[in-house]
2 protein chains.
Amino acid sequence: MTRPIIPDIVVSRLPLYLRAISRMEEEGLEYVSSHELGARLGISAAQIRKDLSQFGEFGKQGTGYHIPFLKKQLIRILKVDRVWDVAVIGAGDVGSALARYQGFQEHGFRVAMLFDSDPAKIGKVINGIEVRDVADMERLIAEGSIQVAMLAVPAEVAQETADKLIAVGVRAILNYAPVNLAVREGIRVEHIDPVIHLQHMTYYLAPR
Amino acid sequence: MTRPIIPDIVVSRLPLYLRAISRMEEEGLEYVSSHELGARLGISAAQIRKDLSQFGEFGKQGTGYHIPFLKKQLIRILKVDRVWDVAVIGAGDVGSALARYQGFQEHGFRVAMLFDSDPAKIGKVINGIEVRDVADMERLIAEGSIQVAMLAVPAEVAQETADKLIAVGVRAILNYAPVNLAVREGIRVEHIDPVIHLQHMTYYLAPR
DNA sequence: TAGATTGTTAATCGATTAACAATC
DNA sequence: TAGATTGTTAATCGATTAACAATC
């Protein structure tokens with residue numbers, strides 16, 4: 001039996017739904033309609049219903065979606081009903097900020113390892129995480145069976161570092177280096193680059 | 001005369017083209033075909049030609065695109081042929097990393113102001129930028145005619161801070177807080193949240 | 001000239017929206 | 001029962017790709 005293939009663009013919206021739903025739960029709400037959820041996210045009610053219906057029937061006519069139930073389902077679908085160990089490569093400004101970030105813990109992730117090549121940084125402890133020598137990266141990541149990495153190294157070494165990560169079992173890379181990584185089929189890469197976002201926005205700005 | 005409206009999804013790819021083209025220029029390349037550029041970015045050659053043709057005829061049959069010329073055009077189109085002053089709100093881990101980031105300068109942006117509410121941080125100097133009291137934010141941003149802000153404040157105060165920024169003339173916000181900002185028509189908001197990206201990727205991972 | 005590659009049109013593909021029967 | 005809202009189908013909309021004449 002073939003599991004139906006869900007469009008990636010649908011999958012990409014699920015974390016947004018989860019975040020909004022979690023926020024609503026904190027606000028003490030119990031039920032939400034597709035219309036209300038859509039209004040918060042700037043997404044049409046029809047799209048939300050269509051997206052969610054790809055995974056099951058989570059709502060009830062007349063009342064909408066039970067927030068704790070929908071949250072549970074989204075957490076399960078996104079596979080964050082467990083904690084993923086994550087490696088951070090690079091302990092510069094970005095890597096350090098990631099190591100210190102408190103938002104991972106409660107959303108399915110834990111920074112389990114932190115690497116740098118600078119002898120001045122190796123051995124330091126950031127938020128309880130020791131900075132290890134990047135020379136030991138491959139061995140330690142393979143031992144830890146880590147599948148997720150955040151790449152915060154200089155652009156010049158990003159591709160080679162990614163290659164090494166993939167070679168030892170990493171399957172998902174969140175790339176903070178301002179380069180396009182070339183990876184083989186089956187490896188997920190997402191990219192975070194503030195300059196890209198800023199340039200996208202300035203297109204629409206009027207000079208002042 | 002109506003300027004033709006360019007789809008936003010096209011605009012969103014231009015910064016990627018610019019980054020790739022700049023990289024190629026550094027590598028000493030002089031010409032690039034839509035096919036070569038597409039191969040680097042994982043985008044079809046047809047799409048690149050179609051996107052670029054929305055803005056003019058930048059290529060030449062038989063030889064492709066002259067890299068320095070195309071770069072110049074993209075810089076002009078994205079309006080980064082000038083330097084945009086940017087305000088960073090929040091001088092925590094993320095805000096500090098943004099204030100220290102060296103990648104803005106050469107791509108059209110300058111962190112001109114940095115704000116925080118913590119008396120222990122106000123007055124400190126990060127990368128030559130003094131941390132100012134967020135209580136003075138509205139006055140200083142209005143005086144500086146700043147149109148672009150990066151928001152790195154706690155989630156609870158993100159919306160109200162955004163409202164204040166918009167009230168004093170900010171038109172583009174790069175939001176690092178894990179909340180959806182509600183803004184009026186004409187205000188650009190882009191969002192950076194590592195958790196959203198990680199959860200998108202874990203959907204595709206096999207448990208180990 | 002022969003080969004390569006553009007810009008553009010038309011065809012295809014995929015995503016979003018509108019509408020509504022079903023039902024809580 | 002009346003009102004509200006789901007899940008789903010069909011219609012619409014928009015984006016991507018294929019194809020090719022033009023031309024460097």
Side-chain angles (χ1 to χ4, degrees), chain A residues 2-17 20-21 24 29-74 77 180 200 203-204, chain B residues 2-17 20-21 24 29-74 77 180 200 203-204:
Chain A
T2 44
R3 191 162 63 101
I5 294 135
I6 312 285
D8 184 63
I9 195 156
V10 172
V11 177
S12 75
R13 283 190 290 261
L14 298 183
L16 302 174
Y17 297 164
I21 277 285
M24 287 173 169
L29 296 174
E30 199 175 354
Y31 285 92
V32 66
S33 69
S34 58
H35 181 83
E36 289 165 330
L37 184 54
R40 285 232 190 176
L41 291 166
I43 288 176
S44 78
Q47 179 157 90
I48 286 174
R49 290 202 303 279
K50 189 122 211 280
D51 284 354
L52 294 177
S53 73
Q54 303 257 21
F55 300 95
E57 306 196 355
F58 303 140
K60 221 187 313 199
Q61 288 98 326
T63 51
Y65 300 89
H66 184 62
I67 288 176
F69 177 74
L70 180 55
K71 184 182 173 191
K72 206 167 187 174
Q73 296 303 314
L74 287 169
I77 293 164
N180 259 85
H200 181 185
Y203 173 84
Y204 296 97
Chain B
T2 45
R3 191 163 63 101
I5 295 137
I6 312 286
D8 184 62
I9 194 155
V10 172
V11 177
S12 75
R13 282 189 291 261
L14 299 183
L16 302 174
Y17 297 164
I21 276 284
M24 287 172 168
L29 296 174
E30 200 174 354
Y31 284 92
V32 66
S33 69
S34 57
H35 181 82
E36 289 166 330
L37 184 53
R40 285 232 189 176
L41 291 166
I43 288 176
S44 79
Q47 179 158 90
I48 286 174
R49 292 202 301 280
K50 187 120 213 279
D51 284 354
L52 295 177
S53 74
Q54 303 257 23
F55 300 94
E57 305 197 354
F58 302 139
K60 220 185 317 198
Q61 288 98 327
T63 51
Y65 299 89
H66 184 62
I67 289 175
F69 177 74
L70 180 55
K71 184 183 173 189
K72 207 167 187 173
Q73 296 304 314
L74 288 170
I77 293 163
N180 259 85
H200 181 186
Y203 173 84
Y204 296 98

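So you know, we letter chains A, B, ... as the sequences are listed, proteins then strands, and number each from 1. Only this structure's heavy atoms are used, side chains among them; waters, hydrogens and symmetry mates stay out.
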For nucleotides 11-13 of chain D, tabulate all protein N/O to nucleotide N/O atom pairs closer than 3.5 Å, reporting atom names and distance.
none

Can you tell me how far [atom2] of [N] sits from [atom1] of [X], to the nearest Å?
{"X": "A/His35", "N": "D/dA4", "atom1": "NE2", "atom2": "C1'", "value": "12 Å"}
{"X": "A/Leu37", "N": "D/dA4", "atom1": "CG", "atom2": "C1'", "value": "17 Å"}
{"X": "B/Phe55", "N": "C/dG7", "atom1": "CZ", "atom2": "C1'", "value": "15 Å"}
{"X": "B/Gln54", "N": "C/dG7", "atom1": "CD", "atom2": "C1'", "value": "11 Å"}
{"X": "B/Leu70", "N": "C/dT6", "atom1": "CG", "atom2": "P", "value": "11 Å"}
{"X": "A/Tyr65", "N": "D/dA4", "atom1": "OH", "atom2": "C1'", "value": "13 Å"}

Considering all heavy atoms of both residues, which atom of [X] and which atom of [Y] are nearest to each other, and what is their separation?
{"X": "A/Leu16", "Y": "A/Leu41", "value": "O-CD2, 4.0 Å"}
{"X": "B/Arg49", "Y": "B/Ser34", "value": "NH1-OG, 3.0 Å"}
{"X": "A/Gln54", "Y": "A/Pro7", "value": "NE2-CD, 4.0 Å"}
{"X": "B/His200", "Y": "A/Pro15", "value": "N-CG, 3.9 Å"}

> B/Glu36 side chain to B/Ser33 main-chain N or O, any donor-acceptor pair under 3.5 Å?
Replying inline: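 A pair under 3.5 Å: yes.
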> At under 4.0 Å, does any side-chain N or O of A/Ser34 touch on OP1 or OP2 of D/dT5?
Replying inline: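 No.
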> Are any of A/Tyr31's side-chain N or O atoms less than 4.0 Å away from OP1 or OP2 of D/dT6?
Replying inline: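 False: A/Tyr31 side-chain N/O out of range (4.0 Å or more) of D/dT6 OP1/OP2.
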>> Output one letter per nucleotide in nucleotides 15-24 of chain D: B when a protein non-hydrogen atom lies under 4.0 Å from the base, S when only the sugar-phosphate is that close, - when neither is.
In response: SBBBB--BBB
Does [X] reach the side chain of [Y], with side-chain heavy atoms less than 4.5 Å apart?
{"X": "B/Leu52", "Y": "B/Leu70", "value": "yes"}
{"X": "B/Ile48", "Y": "B/Arg13", "value": "no"}
{"X": "B/Tyr65", "Y": "B/Ile21", "value": "no"}
{"X": "A/Val10", "Y": "A/Lys50", "value": "no"}

>> Does the plane of the ring in A/Phe55 sit parallel, tilted or perpendicular to the ring in B/Tyr203? Use 30° and 60° as the thresholds.
In response: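 A/Phe55 vs B/Tyr203 ring planes: perpendicular.
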> Is the B/Phe58 ring parallel, tilted or perpendicular to the B/Phe69 ring (thresholds 30°, 60°)?
Replying inline: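 Taking B/Phe69 first and then B/Phe58, their aromatic rings stand perpendicular (interplane angle over 60°).
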> Paired stems touching DNA chain D, three or more consecutive Watson-Crick or G-U pairs with both distances under 3.5 Å?
Replying inline: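 Stem list for DNA chain D: C:3-24 with D:3-24.
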> Any idea which of C/dT8, D/dT8, D/dT6 is nearest the B/Ser53 side chain?
Replying inline: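 Side chain of B/Ser53 sits closest to C/dT8.
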